[in-house]
2 protein chains.
Amino acid sequence: MSEKITIYDIAKKLNITAATVSRALNNNPRISDTTRKLVMETAASMGYTQNKLALALKSGKSNLVGVIVPYIDTSFFASIIRGIEEALHPEGYNVIICQTHETEAKEIETVNTLLNAQVDGILMSLSKTSKETTHFEHILNKKIPLVFFDRRKNIKGVSSVTIDDFEGGYVATKHLIEQGCKTIAHLSGDWSLEIYKNRSEGYKQALLDHGLKYDEKYLLHVKSDTEAGKSAVDTLMKLDKKPDAIFSSSDFVALGAIQRLQELGIKLPDDFCVVGFSNEPFTQLMELSISSVDQAPHEMGRMAAKVFLDQVSGVGKVKIEQKVELTPHLISRKSSVKPVAKKKAK
Amino acid sequence: MSEKITIYDIAKKLNITAATVSRALNNNPRISDTTRKLVMETAASMGYTQNKLALALKSGKSNLVGVIVPYIDTSFFASIIRGIEEALHPEGYNVIICQTHETEAKEIETVNTLLNAQVDGILMSLSKTSKETTHFEHILNKKIPLVFFDRRKNIKGVSSVTIDDFEGGYVATKHLIEQGCKTIAHLSGDWSLEIYKNRSEGYKQALLDHGLKYDEKYLLHVKSDTEAGKSAVDTLMKLDKKPDAIFSSSDFVALGAIQRLQELGIKLPDDFCVVGFSNEPFTQLMELSISSVDQAPHEMGRMAAKVFLDQVSGVGKVKIEQKVELTPHLISRKSSVKPVAKKKAK
DNA sequence: TTGTACGCGTTATCAC
DNA sequence: GTGATAACGCGTACAA
């Protein structure tokens with residue numbers, strides 16, 4: 001076995017021309033069955049594999065799609081990428097993975113790298129600090145499809161797949177109200193990210209729709225880890241009127257909050273309810289399983305891929321700007337379902 | 001802004017030849033500073049980006065590396081991929097992700113796809129059902145580096161990065177013995193995967209080294225989910241002499257076991273100890289945090305990347321067969337550390 | 001049905 | 001210091 005077999009090698013062996021080999025391999029109708037068969041067989045026996053690079057260079061289509069995420073090893077983004085890969089692989093696309101580490105500098109660098117690699121499309125989720133837009137215009141100038149998922153920026157001509165974060169915040173809060181909670185605190189993230197802001201607005205609207213007051217004292221902006229959840233509880237418990245529930249925009253924060261609440265001897269869900277966001281794998285594994293809003297990341301990934309495929313296969317190459325918004329679903333678990341309310345719900 | 005700018009476009013604009021532009025862009029010494037500067041500037045202003053595909057075709061080096069895993073969205077593999085990406089990105093490589101869904105058919109198909117894509121190397125973890133080896137030979141015939149991580153097959157000339165699973169099983173079991181456990185059961189997986197077999201052998205050796213009996217009654221082969229852990233406990237508790245500890249080769253199984261044990265009213269860690277394997281994110285988040293053997297997946301990914309880089313940059317292109325074995329570390333947590341033993345340890 | 005010639009975007013090897 | 005040209009591997013319009 002040799003190293004690199006090209007159609008020329010197999011042409012030479014058969015005393016025919018490379019063009020004929022190419023035709024045989026591509027099931028071109030204008031070729032005799034005997035030749036086709038002969039070519040196929042010798043190609044197989046010589047271990048020929050098509051060089052997609054050459055094909056890509058010629059056709060201008062690399063069948064490569066770039067996916068950019070902050071980190072690949074968070075369950076949310078990993079699931080999205082899985083969805084993307086599974087939707088794109090059957091269509092003959094390969095997926096290139098890039099991480100921004102939540103920095104704009106890496107985001108820009110990465111976009112350029114992918115552009116160099118001649119990807120046929122870029123699917124990405126914004127990094128937290130992203131402010132610039134020139135690198136996006138760069139993409140659009142090259143006429144290659146750009147699809148945002150989860151964290152988006154409103155750019156004309158750019159499609160996006162997100163969940164309805166407002167709705168997510170709304171149903172989570174509504175659920176807590178239905179459990180009989182009267183003073184619902186909210187732990188949010190940095191509002192420079194639309195997703196957090198939208199969840200907060202859903203929270204606010206749910207309160208108002210159900211005759212509860214919206215008081216900014218009960219809204220805290222925190223980091224997305226368990227420690228932040230713990231200190232948030234400490235802060236909240238110093239208020240004159242203590243809350244009896246928390247809607248957190250992060251499961252990790254929710255977990256930290258629950259741990260501190262339990263340390264303080266507060267009984268969940270009887271005296272206090274907590275709902276998180278993202279449906280992280282651990283939420284259902286806990287002894288006191290944590291209610292959470294599921295974002296269907298796998299579905300989001302598949303949808304982002306589909307939006308991309310629609311763009312490239314679009315009739316007349318009409319660039320349709322699709323804004324897909326998936327509906328989040330509340331998963332009720334022990335941390336927020338009171339025994340009483342359980343009966344009431346039936 | 002136009003669509004695709006090539007060096008010809010910028011050559012035409014400057015009334016020079018493409019070769020000169022290429023030289024200017026690549027800091028070739030045989031060019032005047034004025035020309036270089038002029039080219040650089042107009043290239044930037046025209047929004048030129050190098051077409052890596054053309055470069056790849058010419059040089060035979062795509063700067064693409066294929067990574068094959070069963071699933072991308074398990075924390076273990078996601079962390080490995082993160083490690084790989086982080087080590088390879090600075091070296092100018094892009095990472096293509098593929099999933100086998102634990103099937104050999106997809107594994108073979110995927111290998112061929114990557115070969116078509118002209119990747120410069122393949123880093124992979126075997127799928128559970130993998131028996132064939134012809135697709136690996138296919139890779140080797142093309143002289144492209146192949147590196148196994150975690151799940152390997154012993155093939156001449158192929159490097160691998162694994163953890164010392166024997167050691168992992170050994171330290172976990174030894175730890176349980178040191179906690180005073182006398183009858184240690186072991187929940188393993190399918191031994192057709194080396195990793196499980198090796199962990200079991202470490203378990204056995206630790207028992208023998210410390211004067212305990214190895215009895216196959218206490219060794220169960222189970223699937224890797226919580227349900228399997230629960231029913232395993234049911235099985236073990238029917239034995240004449242009930243065990244007082246479990247070493248599980250999976251954290252999920254360990255969790256299920258713990259849940260069933262608690263349902264049975266057994267006190268952990270006082271009356272029963274459990275140690276899992278993999279250090280899944282949830283193990284440290286549980287109320288009764290679970291002891292586990294950490295596999296350092298991030299490090300494993302970086303190492304796999306490094307082994308690959310060593311191969312391609314190897315002097316004289318000597319294909320060195322590296323077998324790297326990382327040392328696993330036991331993370332002791334509540335599920336296995338008895339108050340008494342704690343003092344004793346000091 | 002098959003062969004010829006060309007181009008995709010680059011870089012390298014010659015000449016000049 | 002710069003220009004012309006070949007080559008990487010492939011598909012295809014055109015000619016035969």
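Here the structure is a predicted model, which is why all the values come from computation and not from measurement. The chains referred to below are lettered A, B, ... by the order of the sequence lines, with proteins before strands, and numbering in each begins at 1.
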A/R36 and A/N27: side-chain contact (heavy atoms from CB on, under 4.5 Å), yes or no, with the steps?
-> CA-CA 8 Å; A/R36 184 198 315 279; A/N27 283 328; 3.5 Å; yes
Stepwise, does the side-chain contact (heavy atoms from CB on, under 4.5 Å) test hold for B/I96 with A/V95?
-> CA-CA 5 Å; B/I96 296 180; A/V95 175; 5.8 Å; no
Verdict with reasoning, A/D33 to A/K37, per salt bridge (charged side-chain N to carboxylate O under 4.0 Å, His left out) | CA-CA 6 Å; A/D33 283 345; A/K37 211 166 190 176; over 6 Å; no
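Between the side chain of B/S62 and the main chain of B/Q118, a donor-acceptor pair closer than 3.5 Å is present.
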Let me have the donor-acceptor pairs involving side chains of residues 69-82 of chain A, under 3.5 Å, with sequence neighbours excluded, atom names and distances please.
{"from": "A/D73", "atom 1": "OD1", "to": "B/R82", "atom 2": "NH1", "distance (Å)": "3.2"}
{"from": "A/D73", "atom 1": "OD2", "to": "B/R82", "atom 2": "NH1", "distance (Å)": "3.3"}
{"from": "A/S75", "atom 1": "OG", "to": "A/E280", "atom 2": "OE1", "distance (Å)": "3.4"}
{"from": "A/S79", "atom 1": "OG", "to": "A/S75", "atom 2": "O", "distance (Å)": "3.0"}
{"from": "A/R82", "atom 1": "NE", "to": "A/E86", "atom 2": "OE2", "distance (Å)": "2.7"}
{"from": "A/R82", "atom 1": "NH1", "to": "B/D73", "atom 2": "OD1", "distance (Å)": "3.2"}
{"from": "A/R82", "atom 1": "NH1", "to": "B/D73", "atom 2": "OD2", "distance (Å)": "3.3"}

Scan the side chains in residues 10-26 of chain A for donor-acceptor partners under 3.5 Å anywhere in the protein, sequence neighbours excluded, and list what turns up.
{"from": "A/S22", "atom 1": "OG", "to": "A/N26", "atom 2": "ND2", "distance (Å)": "3.4"}
{"from": "A/N26", "atom 1": "ND2", "to": "A/S22", "atom 2": "O", "distance (Å)": "2.7"}

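If you check every strand for non-hydrogen atoms under 4.0 Å, B/I16 touches sugar and phosphate atoms only. Using a 4.0 Å heavy-atom distance criterion, A/I31 is classed as a sugar-phosphate-only contact. Residue contacts shown for A/S59 are absent, as no nucleic acid heavy atom lies under 4.0 Å away. Using a 4.0 Å heavy-atom distance criterion, A/T17 is classed as a base contact.
We find that A/E325 and A/K323 are not joined by a salt bridge, their nearest charged nitrogen and carboxylate oxygen being 4.0 Å or further apart.
Here the straight-line distance linking atom CZ of B/F148 with atom CG of B/N154 works out to 9.5 Å at 0.5 Å rounding.
Applying the salt bridge (charged side-chain N to carboxylate O under 4.0 Å, His left out) rule to pairs touching residues 91-116 of chain B yields B/E102-B/R151, sequence neighbours excluded.
For the residue pair B/S160/B/T162, the side-chain donor-acceptor check at 3.5 Å is not satisfied.
Counting to the nearest Å, the C1' atom of D/dG9 and the CG atom of A/L53 are 9 Å from each other. When rounded to the nearest whole Å, the span between NZ of B/K61 and P of D/dG9 equals 17 Å.
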What string of B, S and - do you get for nucleotides 10-16 of chain D, 5' to 3', if B is base contact, S is sugar-phosphate-only contact and - is no contact with any protein heavy atom under 4.0 Å?
-> BBBBBB-
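Contacts between chain A and DNA chain C, taken as any atom within less than 4.0 angstrom of a protein heavy atom, begin and end at C/dT1 to C/dG9.
End-to-end axis angle of the helix from C/dT1-D/dA16 to C/dC16-D/dG1, using five pairs per end and rounding to 10°, comes to 50°.
Within 6.0 Å of the NZ atom in B/K61, the count of heavy atoms belonging to other residues, nucleotides or ligands exceeds 12.
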